[in-house]
Every structure is written in structure tokens, then in C-alpha cells.
Amino acid sequence: MSTTAALGRSASATPTPAQKEQRTTPRRGFADRTAGYVFLLPWFAGLAVFTLGPLVYSLYLSFTDYNLLQSPRWVGFANFHQMFTADPRFFHAVRVTLTYVVVVTPVKLGLALGVAMLLNRRRRGIGLYRSLFYLPSLLGSSVAVALVWRSLFSQGGAVSNGLGSLGLPNADFINDPTWALPAIILLACWQFGAPMVIFMAGLKQIPSELYDAADIDGARRWARFRHITLPLLSPVIFFNVLLETINSFQAFTPAFVISGGTGGPADSTLFYTLYLYQKGFTDFQFGYASAMAWVLLATVAVLTALMFRLSRVWVFYGDGGNR
Amino acid sequence: MSDPILAAAPGPLTAARRPRRRGTGRTLLWHATVVVIVLVVVYPVIWMLGTSFKPATEIVTSNRPWPLHWTTQNFPDGWHANPSVTFGRFFTNSLIISVCAVVGTLASCSLAAYAFSRLQFRGRSVLFGAMVVTILLPYHVLIVPQYAIFKQFGWINTDLPIIAPKFLATEAFFIFLMVQFMRGVPREIDEAARMDGCGPYRTFFHVLLPLTRPALITSAIFSFIWTWNDFFTQLVYLNDTANFTVPIGLSLFVDQTTMTSYGPMMAMSILALLPVFLFFLAFQRLLVDGATSSGLKG
């Protein structure tokens with residue numbers, strides 16, 4: 001609560017000197033130039049204390065052995081060395097996470113684009129449909145939704161029972177190492193509403209004259225999609241791919257809840273972030289957890305840079321491109 | 001935000017277009033397709049609702065999503081599932097954290113957004129770039145050192161590690177959202193205010209902030225929902241059952257994996273999502289448009 005008070009004070013106290021200055025000097029150049037920094041004060045403080053500071057500290061901790069009780073002990077590259085040579089669970093977590101990212105990103109975005117194109121026309125009730133598809137994204141990766149998934153796909157759950165009554169193989173999906181990860185992947189794909197809404201906005205920007213012209217040229221549906229929709233939508237596609245990839249790498253809650261925090265069965269849902277959490281907050285190996293965090297950060301950073309570089313080849317910022 | 005598609009929803013426009021007969025069959029097919037997809041997407045929510053009113057025996061045996069015999073017993077059962085603390089406590093804790101997060105986020109992020117969108121100062125574009133990068137920064141890199149810092153402060157097992165950062169604009173996403181919106185407000189308006197003798201501070205509080213209201217409301221709702229649903233941070237910082245929030249309270253159900261707890265578990269899940277549903281019902285247009293214009297991940 002002390003922060004509230006401090007913030008309130010700085011916000012209400014600052015106008016006075018500035019106003020005084022206004023009254024004495026007609027030119028406000030100086031006041032304007034400092035005002036920017038004054039308005040950014042809370043953000044500066046937050047950046048220093050909660051972002052930059054921790055970032056540097058985390059890098060330092062990644063080279064130490066630290067259990068929070070004793071002070072950090074410098075071990076050089078030992079954490080990284082152990083990670084890459086002597087920790088099969090680390091590689092397993094990497095494999096699980098990469099599988100998840102590689103499957104979820106295209107499937108979810110494919111669904112999002114497909115439904116967005118389906119909804120991209122004047123029809124009654126379009127607003128309602130749009131909202132209903134967005135709802136799962138809003139519920140997000142909440143514990144409640146993860147519990148629903150766990151119940152749906154467990155023994156006796158609706159999905160298992162339903163498949164069973166159709167005579168199909170029904171399993172206790174959540175406790176089956178083959179099916180636990182696909183169930184979580186399905187949960188992520190179910191939440192295609194957020195990228196869909198962004199696709200819809202992008203589709204609306206494409207001038208309909210282009211399609212009319214293509215019609216006159218006798219272009220078929222696929223040709224129109226390939227030569228008009230895809231290139232003109234490419235900035236939006238890029239934006240969604242970037243966002244979804246970065247988000248997928250950080251998935252945590254569904255895996256934690258569905259596996260009861262273990263990453264089981266048989267480590268089949270041991271997501272990278274879940275393993276990081278276990279290393280830090282159940283095994284108290286904070287140095288190791290920090291090292292893992294930096295590997296994640298480096299991966300995401302390299303991937304982001306790579307995607308930006310690659311985007312020059314396929315993202316089209318032409319007349320219709322709006323971003 | 002002109003929206004021809006949404007404008008078509010109420011009726012007159014579509015009614016006028018109705019004469020185009022040949023499309024009727026195709027329109028029906030389109031509606032059928034979309035409704036089928038809607039049903040698949042909404043099914044888990046319907047199932048959750050149905051299960052929360054089912055007696056325990058029916059949950060495992062029947063496939064129909066709604067109950068044959070309705071019961072409300074799951075709600076008190078779920079509420080008291082934890083022997084020491086009821087869900088009432090969890091809800092109070094979640095509410096405190098979420099409301100504080102909203103206040104902190106709005107206060108700090110709107111200040112920063114005004115600076116980035118309206119004021120001239122040295123290094124503005126570099127700082128703005130830094131702010132955007134922090135949106136993409138994985139939170140997991142910060143959690144260990146932040147935990148160590150908060151432990152130094154003696155804040156572990158209190159709400160402070162969750163609330164305090166929000167007052168210092170760490171949710172950079174909302175700065176970005178507000179900057180986007182403020183850029184759309186005509187500059188003539190604050191130039192007029194300047195002519196009338198307003199400095200940057202008065203212009204912000206009396207002119208720009210009121211005009212930014214739609215973005216502020218969107219931010220407030222999203223900030224509330226995200227904090228309400230957030231699990232990771234609360235899991236890390238809150239250790240005593242008395243301090244638990246709704247998400248952690250819910251996750252306790254996972255320890256007791258008996259089939260019979262499905263009903264109470266779904267009943268509490270429904271209650272946990274109730275604020276989100278209510279916001280959704282009240283502000284769906286605003287929430288969906290907010291997601292569109294800023295790329296919110298939801």
C-alpha cells in the first residue's frame with residue numbers, strides 16, 4: 001500500500017511547480033521537456049526494480065549455486081554444462097515444449113484464419129458468433145478451464161465416455177503418456193479466438209475491388225486466396241505467428257494443473273516452464289533455474305530475430321498492407 | 001472504429017439485402033456450418049455448467065451434458081472442500097489482488113502512455129522501444145530474482161509481490177494499448193488546451209485522460225481478468241492456505257482425484273469464472289474490439 005501513497009503524492013504534488021513556472025515564464029519548452037520524464041517516473045522505477053535489475057541478477061545467478069538460504073556460490077558454467085550433458089529431463093522438457101510450439105502455432109492459427117474467413121461477410125448474427133469464438137481465449141489458461149479439460153479427458157470424463165459409446169478406443173487420456181500432451185495441445189488450439197479476431201480485422205482492410213478484379217480475370221477461390229488474401233494479410237499473419245510462438249514457449253498453467261504439478265504421466269507433459277518451476281521452487285536450485293530461464297530467453301530472442309529477418313522475404317507491406 | 005460487419009448484425013442492412021434470393025440456400029449452409037463450430041467450441045463450457053448441477057452418480061454414468069436430476073449440493077460441497085478455509089476467503093483474496101492490480105495498472109500505465117504518445121523529450125523513441133521489448137520478455141527470467149528480492153523485503157506470503165509491480169507500470173502491454181489509443185486522439189485538442197494555458201499536467205488530467213476512457217475501461221477489464229486468472233505468480237508467492245486465491249484454491253482439487261469431486265470442482269470453477277463471464281456479457285463488443293486493435297492475447 002505504501003506504493004499507492006507514494007504514487008498519489010508524486011502525481012498530485014508535481015503540478016504545482018510546473019504551474020508556477022507557467023505563470024512566471026511564458027515559454028513552456030523546459031516544462032514540456034521535463035514533463036516526459038516526470039510522467040515516466042513510475043515506469044522508470046518499475047523498469048529498474050522489477051525488470052532490468054532482476055534481469056541482470058538472474059544472469060549472475062545462472063552462474064551460481066543458490067538455494068536462497070546461503071548466499072550464491074559462483075560455479076561458472078557448471079549449470080549450463082550439467083544442463084546440456086547430464087540432465088535427461090532437461091532435454092525431455094525441451095522436446096515436449098518444442099512439440100507443443102510446433103504443433104500449436106500452425107494449427108491454432110490455421111483454425112483462426114479459417115474461421116475468420118468464414119466470418120468475413122455480412123450476415124446476421126456475425127457479432128454474436130465472433131464473441132462466442134473469442135470467449136475461450138478470454139477464459140485463457142485459467143485453472144478453471146484446465147480443470148474442465150482434465151475432467152473431460154479423464155477416465156469417466158465426457159470425451160472418454162463419448163468415444164467409448166461410439167465403439168472407439170476410450171482411454172484415460174490424462175493418465176496416458178501418449179495422450180496427455182495432445183490433450184493439452186487441443187486445449188491451446190481451442191483458444192483460437194484471439195488471433196481470429198486479429199485476422200478478421202486484417203481481412204476487413206483488404207479492398208474488395210481486388211477480389212472483383214480477380215473475379216473478372218476468372219480467378220478461382222484458391223487463386224484469390226493465394227494471390228490476394230495471403231500477401232495482403234501477411235503483416236497480420238506475421239504478427240500472429242510471432243505472438244503465438246512467444247506465448248507457446250511460456251505455457252505453464254494447463255500443464256501444471258492437468259499433471260498435478262508433476263509433468264506426468266511419465267514426464268509426458270513436462271513443459272520447459274514447469275521444469276523450471278520445479279527446479280526453482282520445489283528443488284530450491286535457483287541457480288539452475290536461472291540458467292534455464294536464460295536459455296529460454298536466448299531461444300525466444302534468437303527466434304524473434306530470425307522471424308523478423310525471415311519476414312522480409314514473405315511479408316508484404318504494399319498498398320493494402322496496413323501495419 | 002467503423003465496423004461494417006458489426007453494423008450489419010442488428011438487421012436493417014441485411015433486411016435490405018434480402019431480395020438477393022439466390023443466396024438463401026448458401027446463407028443457410030453458412031449458418032449451419034458456423035453453428036456447428038460454435039457448438040463444438042462452446043461445448044466444454046456447457047459441460048462444465050451441466051456437471052456443476054449433476055449429482056455425483058450421474059457424472060460418471062451419463063453422457064448428456066445437462067443433468068437428469070438437478071442438484072445444487074455441489075456448490076456448498078465445493079465451497080467447503082478445504083477443511084480449514086472456505087472459498088469465501090479465496091474469493092476475498094482474489095478480489096483484493098485484482099482490484100489493486102486494476103488501480104495500479106491504470107494509474108501508472110496511463111502516465112507512461114501520455115509521455116510516450118504526446119510529450120517531446122530526449123530518448124523517447126529508444127525508451128519506447130525498450131518498453132515494447134519488455135512486453136515480449138518471458139516472465140520466467142524475472143521470477144527467480146524477483147522472488148529473491150521480495151524475500152529480502154519480507155514480502156513473501158503477502159499480496160505485495162503481486163500488487164506492487166502493477167503500480168510501477170510493469171504491465172507494459174497496457175502502456176502500449178493506451179499509446180495506440182491516445183495517438184488516435186486529435187492533437188488539435190491538446191493544442192487548444194495549451195492555448196488556453198494548460199500545462200502538460202493539466203492537459204493530461206483534464207483533457208486527454210477523459211478522452212481516453214474507452215481504452216482505460218478496456219485495460220481495467222483485461223487487467224482484472226488477467227490478474228484474476230493468473231496462476232503462476234500467485235502460486236509462487238502465496239504459501240499459507242489463508243492467503244490463497246481462487247486459482248490456487250481450485251488447484252487443490254487436483255490432489256483429491258476421486259471421481260466424486262467432479263461436481264464440486266466444476267461448481268467452484270463456474271464461480272471462479274463468473275466475474276469473467278459477467279464482464280464478457282457486459283462488455284463483449286469492447287473486449288473483442290480491444291483484442292483486435294491491440295493484439296491482446298486474451
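What's counted below: heavy atoms across the whole structure, side chains too, no hydrogens, waters or symmetry copies. All of these numbers come straight from a predicted model, not from anything done at the bench. A, B, ... follow the sequence lines: proteins, then strands. Residue 1 opens every chain.
- With a threshold of 4.5 angstrom between heavy atoms, A:Leu118 approaches chain B through its backbone and through its side chain.
- Using a 4.5 Å cut-off between heavy atoms, B:Ile37 touches chain A through backbone and side chain atoms alike.
- Considering only heavy-atom pairs separated by less than 4.5 Å from chain A, the leading option among B:Met268, B:Met48, B:Met266 is B:Met266.
- Looking only at side-chain heavy atoms (C-beta outward), A:Thr34 and B:Phe121 stay at 4.5 Å or farther from each other.
- Of the two parts of A:Val148, the backbone and the side chain both hold a non-hydrogen atom closer than 4.5 Å to a non-hydrogen atom of chain B.
- The nearest pair of heavy atoms linking A:Ile198 to B:Ala291 is CG1-O, 3.8 Å.
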For A:Trp43 and B:Phe116, what are the C-alpha separation, side-chain angles and deciding distance, and is it a ring pair (Phe, Tyr, Trp, His ring centres under 6.0 Å)?
CA-CA 11 Å; A:Trp43 179 72; B:Phe116 282 131; 5.5 Å; yes
Show, in sequence, the C-alpha distance, side-chain angles and deciding distance for A:Arg130 and B:Asp289, and conclude whether the side chain to side chain contact (heavy atoms under 4.5 Å, CB included) test is met.
CA-CA 10 Å; A:Arg130 196 172 74 131; B:Asp289 285 344; 3.1 Å; yes
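- Under the 4.5 Å side-chain criterion, counting only non-hydrogen atoms from C-beta, B:Asn229 is not in contact with A:Ser141.
- Rounding to the nearest 0.5 Å places CG of B:Leu136 at 6.5 Å from CG of A:Leu242.
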So A:Met200 and B:Thr292, side chain to side chain contact (heavy atoms under 4.5 Å, CB included) or not? Walk me through it.
CA-CA 8 Å; A:Met200 285 184 77; B:Thr292 311; over 6 Å; no
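- Between chain B and the options A:Leu135, A:Val300, A:Thr253, the largest number of non-hydrogen pairs under 4.5 Å is found for A:Leu135.
- If you tally non-hydrogen atom pairs under 4.5 Å between each of B:Tyr114, B:Trp47, B:Tyr43 and chain A, the highest count goes to B:Trp47.
- The aromatic ring centres of B:Tyr201 and A:Phe39 sit less than 6.0 Å apart.
- Here the side chains of B:Pro44 and A:Trp190 are in contact, with some heavy-atom distance below 4.5 Å.
- When the candidates A:Tyr57, A:Phe44, A:Trp294 are compared by the number of heavy-atom contacts under 4.5 Å with chain B, A:Tyr57 comes out ahead.
- In terms of heavy-atom pairs under 4.5 angstrom with chain B, the leader among A:Ser58, A:Gly46, A:Ser151, A:Ser142 is A:Ser151.
- At a 4.5 Å heavy-atom cutoff, the contact between A:Phe192 and chain B is made by side-chain atoms alone.
- For A:Tyr272, no part sits under 4.5 Å from any heavy atom of chain B, backbone or side chain.
- With a 4.5 Å cut-off on non-hydrogen atoms, B:Leu273 touches chain A through its side chain but not through its backbone.
- Of the residues considered (B:Leu235, B:Leu137, B:Val133, B:Val35), B:Leu235 shows the highest number of contacts with chain A, using heavy-atom pairs under 4.5 Å.
- In this structure, A:Tyr134 and B:Gln284 have side chains that are not in contact, with every pair of non-hydrogen atoms separated by 4.5 Å or more.
- For the set B:Leu142, B:Thr33, B:Ile135, the entry with the most heavy-atom pairs within less than 4.5 Å of chain A is B:Leu142.
- Of the two parts of B:Ile225, only the side chain, counted from C-beta on, holds a non-hydrogen atom closer than 4.5 Å to a non-hydrogen atom of chain A.
- Contacts with chain A were tallied for B:Thr134, B:Leu127, B:Leu287; B:Leu127 has the most, counting heavy-atom pairs under 4.5 Å.
- Residue contact with chain B, scored on non-hydrogen atoms closer than 4.5 Å, involves the side chain of A:Tyr66 exclusively.
- No close placement of the B:Phe232 and A:Phe281 rings is indicated, their centers lying 6.0 Å or farther apart.
- Contacts between B:Phe279 and chain A at a heavy-atom distance below 4.5 Å are absent for every atom of the residue.
- Looking only at heavy-atom pairs under 4.5 Å with chain B, the residue among A:Ile246, A:Leu132, A:Leu147, A:Val257 that has the most is A:Leu147.
- Relative orientation of the A:Phe252 and B:His140 rings is tilted, given thresholds of 30° and 60° on the angle between their planes.
- When every heavy atom of A:Gly36 is checked against every heavy atom of B:Ala115, the shortest pair comes out as O-CB, 3.6 Å.
- Inter-residue side-chain proximity for B:Ile143 and A:Tyr277 is flagged as unmet; no heavy-atom pair is nearer than 4.5 Å.
- Interface residue B:Arg122: backbone and side-chain heavy atoms are both found under 4.5 Å from chain A.
- Side-chain atoms of B:Tyr139 do not come within 3.5 Å of backbone N or O of A:Gln250 as any donor-acceptor pair.
- Heavy-atom pairs under 4.5 Å with chain B were tallied for A:Phe133, A:Phe286, A:Phe249; the largest tally goes to A:Phe133.
- Between chain B and the residues A:Leu296, A:Leu297, A:Val143, the most heavy-atom pairs under 4.5 angstrom are made by A:Val143.
- No other option in B:Met131, B:Lys151, B:Arg118 has as many heavy-atom pairs under 4.5 Å with chain A as B:Met131.
- Atom CG of A:Leu138 and atom CZ of B:Phe283 lie 12.5 Å apart (nearest 0.5 Å).
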